[in-house]
Q: 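Please find one structure pasted underneath; my questions will follow.
Counting starts at 1 for both ligands and their atoms, in listed order. Starting from 1, each residue takes its place in the sequence as its number.
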Amino acid sequence: MARGPTLGLSGDGPNGLFARDYSSLVARAEDASSLLDNGRTTEVQWDEYSLLLRGQRIFLWSGEFHTYRLPVPDLWLDVLQKAKAAGLNAVSVYTHWGQINPSPGVIDFDGFRALAPLYEAARKAGIFIVLRPGPYINAETTAGGIAHWVTSQVAGNLRTNATDYFKSWQDYIHGIIDETSSFQITADGPVIAVQIDNEYSQNSRTAPYFQALEDVYHNSSIVVPLTYNDPGEGKNFVNGTGAVDIYGFDSYPQLFDCSNPDKWNPVPTNWHDYHEGTNPSQPLYFPEFQGGAFDAWGPTAPGYPNCRVLTGADFVSVFYKALWAANVKLASFYMFYGGTSWGAIPFPGVYTSYDYGAHLTESRDVTAKYSELKLQGLFLRSSPDFYKTNWIGNSSTGVVKVSNPGALVVKLQNPDTNATFYIARHADSTSTGSTIFNITVPTSAGTLTIPQTVSGIALDGRESKTIVTDYTYGSSGTLLYSTAQILFAGTIGTRDVLFLYGTSGQSHEFAVNSTPISFPTGVKGGPVTVVDVDDSLILFSDVPTASSFFNPVLASGGPLGNYWGLGTNSSVLVGGPRFVRNASLSPDGATLALQGDLNVSAPLVVIGPTTLSAVTWNGVSVDGDTAAASNISAVGGIFVGQLTLDSTDDIQVPELTGWKFANSLPEAAADFDDSNFTLADHTKTNIVPGPAFGDGRVLYGCDYGFCENIVLWRGHFNATGGETSVNLSINGGQAFAASVFLNSVFLGTAFGNSTNDRNAIVEVDQVYNFPAGAVTAGADNVITIVQDNMGLDEASSVVSEKSSRGVRGFKLNPSGHFSEWRVQGKLGGYTDFPDRVRGVMNDGGLFGEREGWHLPGFDTSSWVSRDLSEGLPNKTAGVGFFVTTFDLALPSGFDILLSFNFDGNSAATDVPYRAYLFVNGWMMGKRVANLGPQTKFPVHQGILEYNGTNTVAVALWAMEPVKIAPTLNLTIDTILQGGPGAVSTNNPTWIELRG
Ligand code: GAL
């Protein structure tokens, strides 16, 4: 076979175990003088093509992950290992100001708020981090991440250089800096960049704010570049005051309505031109590109399975390769893993699940789109020539000669090696039709029309392909061209390996020298066909088989030993299992130890070094060998075996029974003593807009320290007896509710709603009539309001993160005067809340929450027995707490994905109740049965104790006096044998927090 130029990608040592020092290689290859840096470190550089880390060019292929949405630090490594296995080399991480800095002067990086364990896990997995601390993050979280106290205590405009706003973020950003400095790449850590704020326009009010943030970083030990995420193509912060080191912009081409998931918007076509006209000396960077979509409350919300269709494997194929075609060399997919907006995390537009239809499910399981991402990620990892390409042109202007205008083909070429990449898709990017075409291209073997011997290159529906010419790989592999896709190209052990794949039923062709080798109808022979073993081992498979392969890295011992390229260039290919977490090879190259997950028994195929003779899976020797009578095993180094799933019959979870019940709304009684509640007597507020009507008193919970979850209001008046009604304007954000009582009498409920358009009801101005006899003349009467705060709005405007949650208007009819208003939210408010582990977002102000009924260890023995499905006694409107415990005895060595399911997952949306689900004290779900859509609430091990007693509490709010009969059960959704290892819990008990 023909031999090409040597490319410095082979591992050193007999089995390629030890990484080569690339700095010298790259220094030779690149003209160092053309590289840019920020003047603070040369370990992160860039030029017009790509980023370079420690002098090595990389394609930043990244996904978004919010650790605060997975409040179990022991599971972070699992997500990062899944990112790594998908071929990602980085994650992008928002941190949450409101969680870390719950009240003025308090900075808390403990538990799930910690950064050090994230950084350690990333280093262990070999994943870089672009840290995005905001202060504003958007992220479908309350106030866009701005600490709640700031929205009420700061008079100036948020996200400007207003002095009080400037002061408000200092502790938080300095805290971030302190936690992060020693984890920058310059200290062998994962952090390679820090983003300034998020999505903002640059003007005279905002630019000084950006500049002030940048000054703080520049006066600190943070040396990595500062980056930015422009909301689309706005040219913000490229130049001028507040300009960042590396500019990027985001794009969500399918937007966020998942109700018609097969209906696509087309691929935007101006990314390359925009980049050329905006920041041509920097690489083209998407700090966020659509990885899924969020979903809104409400009966029309389609749910996350639909979002995973809208942004499914075909979307990943067409749109992510469209990024390649625009010459993007840094991209991060928002979200890679969405997680859970538990407690008060959500902004009012989203429900508890933040699954996002992402590559991993909320339960951390892999998906079909994960597999497509992996195919792309492994190609990128295999193709260093692709990290430096010029955008040459496309077929629409004739730069690429294509036989069929139904195909659009873009040409990218490496100026140093001439390796060329043609990215093809349908000219109509939304087309579901079929197109066959060939391309006429210059190659080192002359101009060729390819394919040469088969019918053409097929695009069947929504797919995109990469056709390479003069592509080199491994120590000396060359590919003249290939219309088949590349899964892997590189060195395994001492042998160059090329693994190609293509769709069955289509024709594929490649040539290593001038002789084409074709697959007229896809696959020949077994699942993996050995095409050649002469100089390189060349393999071909169909797409499902290729998708089943992982390419775990063999780490070296060095500080960045698990980082592809920087720390190691050694890997093996492993096909069959659901997930391959880790691989390591014995020093003699004979035994490969694999860790991973199985959901079913599966055949195992390992393509390893020729020295390979045995494989272990999760510590157990695998039945199989490298000499089986298979067509692929004769070549050496290919191990074929069988992985067997142990019986999972004994893995079971109990029914939730034995519920105990207590009333949780004693406030809705005339004689309730509210003297401990906070007097709501402010007449000034920083929150805009101010009160709508009343007598000047400000009834915004956040002004009294009660910004999260349920807030109770008590308005006292001495009645004349002539009062007939109360008019209240209550604001809780989209999908909120508020129930109103006079003395002990239920008056009615205000229902917000939520829609995908912008007409959602966030505030209800309503008159509540007093039934005859409800008012007591000449005595104190009290209006009690229980209201749900759905979170504070997020917005790009400089003021509107201040949300007027509370009672914006109050008036007795025909007249009357409230002698006092009192307010109560979570115990201690945002300054003195006792639960520092679960944090400021966990609890609300329900009586049961204040008493700690949701906490493990609370003694319900004096409570009555009452099943959740019986609802509240006497069909009353109100709030009751249902509590029970259950034991789990789940085996180790498995990742068992559990969820709590309301109402048999029937999404009936006309039942007027909402339920707050507490699992071992953590508020893991808000079910809004009158709106939906969420019925299923995944809860991870680490919140759940898998070997011991668990407490589940449901605060049930019946919003109308009708029979409400919710059901709740715990289900096993998936059993994976293997798993992430030991997961610890930290669930403070009632004794610790209230005892
Ligand atoms: C982006 C924003 C993210 C997130 C996303 C939608 O514009 O930067 O924080 O809100 O939209 O999920």
Side-chain angles (χ1 to χ4, degrees), residues 62-69 91-99 130-146 158-159 193-202 206 210 227-234 236-237 244 247-258 265 268 271 285-297 301-302 304 306-308 310-311 315 319 330-341 345-360 362 733-734 754 756 758 791-797 800-801:
S62 163
E64 185 82 15
F65 169 36
H66 302 154
T67 46
Y68 64 84
R69 285 182 157 122
V91 291
S92 167
V93 176
Y94 277 146
T95 58
H96 199 293
W97 181 9
Q99 299 262 15
V130 174
L131 190 70
R132 309 199 303 151
Y136 183 81
I137 60 173
N138 211 62
E140 289 71 73
T141 188
T142 178
I146 291 183
L158 308 182
R159 303 178 77 194
V194 175
Q195 184 182 302
I196 299 297
D197 209 76
N198 188 64
E199 288 201 324
Y200 216 26
S201 5
Q202 185 182 23
T206 62
F210 268 52
T227 62
Y228 177 55
N229 175 38
D230 203 2
E233 300 175 2
N236 293 296
F237 300 106
V244 293
Y247 167 85
F249 61 104
D250 64 15
S251 175
Y252 290 82
Q254 300 308 341
L255 302 173
F256 307 100
D257 181 355
C258 306
N265 295 319
W271 292 330
Y285 178 22
F286 276 95
E288 289 178 20
F289 188 79
Q290 184 150 28
F294 62 83
D295 195 34
W297 293 104
Y304 283 113
N306 267 37
C307 298
R308 194 165 276 113
L310 179 71
T311 60
F315 171 82
F319 280 79
L330 301 87
S332 191
F333 301 103
Y334 189 104
M335 303 292 299
F336 169 69
Y337 169 75
T340 310
S341 295
I345 286 175
F347 92 124
V350 294
Y351 46 89
T352 304
S353 177
Y354 198 66
D355 176 278
Y356 215 84
H359 307 86
L360 296 185
E362 184 179 5
Q734 289 182 43
S754 162
N756 250 322
R758 294 185 176 270
L792 308 194
D793 298 331
E794 59 177 20
S796 52
S797 130
S800 58
E801 294 81 13

Q: Got the closest protein heavy atom to atom 5 (C) of ligand 1, with its distance?
A: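 The closest one turns out to be Y252 OH, 3.4 Å.
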Q: Check whether the ring centres of F237 and F210 lie less than 6.0 Å apart, and answer yes or no.
A: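 Centroid separation for F237 and F210: below 6.0 Å.
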Q: Centroid-to-centroid, F286 to W271, below 6.0 Å?
A: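 Ring centroids of F286 and W271 are less than 6.0 Å from each other.
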Q: Looking at Y356, which atoms of ligand 1 are within less than 4.0 Å of one of its heavy atoms?
A: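 In order of numbering, the contacting atoms are 6 (C), 12 (O).
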Q: Enumerate the atoms of ligand 1 whose separation from the nearest heavy atom of N198 is less than 4.0 angstrom.
A: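 Near N198, the atoms of ligand 1 are 2 (C), 8 (O), 9 (O).
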Q: Give the atom numbers and elements of ligand 1 that come within less than 4.0 Å of a heavy atom of A139.
A: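 Here the atoms of ligand 1 in question are 3 (C), 4 (C), 9 (O), 10 (O).
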Q: Does ligand 1 have an atom under 4.0 Å from some heavy atom of P231?
A: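 Contact check P231 vs ligand 1: negative.
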Q: Any nitrogen or oxygen of E794, side chain or backbone, less than 3.5 Å from one on ligand 1?
A: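 It does not: no N or O of E794 is found under 3.5 Å from an N or O of ligand 1.
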Q: Between E288 and R132, is there a salt bridge with N-O shorter than 4.0 Å?
A: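 Result for this pair is yes, salt bridge flagged.
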Q: Among all protein heavy atoms, pick the one closest to atom 4 (C) of ligand 1 and tell me residue, atom and distance.
A: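 That would be E140 OE2, 3.4 Å.
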Q: Counting only heavy atoms, tell me which of R132, E199, Q195 gets closest to atom 7 (O) of ligand 1.
A: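 When every heavy atom of R132, E199, Q195 is considered, E199 comes closest to atom 7 (O) of ligand 1.
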Q: Between ligand 1 and F294, is the shortest N or O to N or O distance under 3.5 Å?
A: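 For ligand 1, there is no N or O atom that lies under 3.5 Å from one belonging to F294.
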Q: So, D230 and N236: side-chain donor and acceptor under 3.5 Å apart, yes or no?
A: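 Per modelled atom types, D230 and N236 side chains form a pair under 3.5 Å.
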Q: Which atoms of ligand 1 are found less than 4.0 Å from any heavy atom of D250?
A: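 In order of number, 1 (C), 7 (O), 8 (O).
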Q: Which label fits F294 and F347: parallel for a plane angle under 30°, tilted from 30 to 60°, or perpendicular past 60°?
A: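 Perpendicular: the ring planes of F294 and F347 meet at over 60°.
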Q: What atoms in ligand 1 come closer than 4.0 Å to a heavy atom of N229?
A: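 Here the atoms of ligand 1 in question are 8 (O).
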Q: Could you tell me whether some N/O pair between I137 and ligand 1 is separated by less than 3.5 angstrom?
A: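 So ligand 1 has an N or O lying under 3.5 Å from an N or O of I137.
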Q: With ring centroids as reference points, do F289 and F249 lie under 6.0 angstrom apart?
A: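 Ring centres of F249 and F289 not closer than 6.0 Å.
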Q: Any idea which atoms of ligand 1 are less than 4.0 Å away from a heavy-atom of F256?
A: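 Reading through ligand 1 atom by atom, the close ones are 6 (C).
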Q: Do Y334 and D250 have side-chain atoms, one donor and one acceptor, less than 3.5 Å apart?
A: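 No, D250 and Y334 have no side-chain donor paired with an acceptor closer than 3.5 Å.
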Q: Of all the non-hydrogen atoms in the protein, which one sits nearest to atom 1 (C) of ligand 1, and at what distance?
A: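 Checked against all protein heavy atoms, atom 1 (C) of ligand 1 sits closest to E288 OE1, 3.1 Å.
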Q: Starting at CD of E362, measure out to CG of D355 and round the result to the nearest 0.5 Å.
A: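 Rounded to the nearest 0.5 Å, the CD-CG separation comes out at 6.0 Å.
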Q: Could you label the plane-to-plane angle of the Y354 and H66 rings as parallel, tilted or perpendicular, counting under 30° as parallel and over 60° as perpendicular?
A: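 Correct class here is parallel.
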